[in-house]
J.: 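Can you read through this structure? Questions will come right after.
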Amino acid sequence: MRNYLLELMCYNKSIKIRRAPTKHDNIDFRPIITRTSDIHPLSVVTADKGYDSEENHVLVRELLYGFSIIPARY
């Protein structure tokens with residue numbers, strides 16, 4: 001398995017996410033969203049249904065005071 005580095009660019013700032021592959025991306029949701037909100041306040045967060053969990057919705061709504069648009073997984 002090959003290692004890789006995933007990087008997100010936000011307002012000319014780089015956010016390093018992961019060096020190795022994982023089973024799913026949901027574990028990266030919290031670090032990505034909180035780091036991004038540190039760079040620029042988020043009012044709306046959109047994601048695909050793979051990120052649907054109560055924990056992710058609560059993070060966006062109650063900690064970041066944003067609006068989450070994540071479709072139901074089932």
Side-chain angles (χ1 to χ4, degrees):
M1 210 180 292
R2 197 173 88 201
N3 284 343
Y4 62 91
L5 177 65
L6 183 59
E7 220 170 317
L8 174 70
M9 296 300 290
C10 179
Y11 289 92
N12 295 328
K13 296 192 183 220
S14 173
I15 300 172
K16 301 212 183 332
I17 300 168
R18 181 161 307 282
R19 282 199 165 275
T22 61
K23 291 182 181 178
H24 56 81
D25 295 332
N26 200 17
I27 61 173
D28 293 321
F29 185 82
R30 178 179 279 276
I32 291 170
I33 295 302
T34 53
R35 288 183 201 161
T36 304
S37 70
D38 290 343
I39 296 169
H40 185 76
L42 301 173
S43 57
V44 177
V45 174
T46 60
D48 65 23
K49 65 183 179 180
Y51 294 95
D52 179 40
S53 74
E54 188 61 26
E55 181 181 317
N56 291 343
H57 287 284
V58 168
L59 169 70
V60 174
R61 283 191 318 255
E62 296 180 10
L63 273 73
L64 304 176
Y65 305 105
F67 184 73
S68 62
I69 302 174
I70 305 172
R73 189 178 297 194
Y74 301 106

J.: Output yes when a side-chain donor or acceptor of R73 lies under 3.5 Å from a complementary backbone atom of G50, and no otherwise.
T.: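 Flag set: sc R73 to bb G50 pair under 3.5 Å.
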J.: Applying side-chain hydrogen bond (donor to acceptor under 3.5 Å, both in side chains), name anything that partners R30, two or more places apart in sequence or on another chain.
T.: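 None.
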J.: Side chains of F29 and V45: does their closest heavy-atom pair fall under 4.5 Å?
T.: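 Contact flag for F29/V45 side chains = yes.
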J.: Nearest heavy-atom pair of P71 and A47: which atoms, and what distance?
T.: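 Between these two residues, the closest heavy atoms are CD-O, 3.2 Å.
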J.: Are any non-hydrogen side-chain atoms of T34 and L63 less than 4.5 angstrom apart?
T.: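 No - every pair of side-chain heavy atoms lies 4.5 Å or more apart.
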J.: What distance do I32 atom CD1 and Y51 atom OH have between them, rounded to the nearest 0.5 Å?
T.: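 The OH atom of Y51 is 6.0 Å from CD1 of I32, to the nearest 0.5 Å.
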J.: On a heavy-atom basis, which atom in S37 and which in L64 lie closest, and how many Å separate them?
T.: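 Shortest heavy-atom separation between S37 and L64 comes out as OG-CD2, 3.4 Å.
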J.: Restricting to non-hydrogen atoms, name the atom on N56 and the atom on I70 that form the minimum distance, rounded to 0.1 Å.
T.: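 In this case the closest contact between N56 and I70 is CB-CD1, 4.5 Å.
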J.: To the nearest 0.5 Å, what is the distance between NE2 on H57 and CD1 on I69?
T.: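 It is 10.5 Å, given to the nearest 0.5 Å.
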J.: Got a second to check how far I33's CD1 is from D28's CG, nearest 0.5 Å?
T.: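 If we round to the nearest 0.5 Å, I33:CD1 and D28:CG are 11.0 Å apart.
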J.: Does any non-hydrogen side-chain atom of V60 lie less than 4.5 Å from one of L42?
T.: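 Answer no - side chains too far apart.
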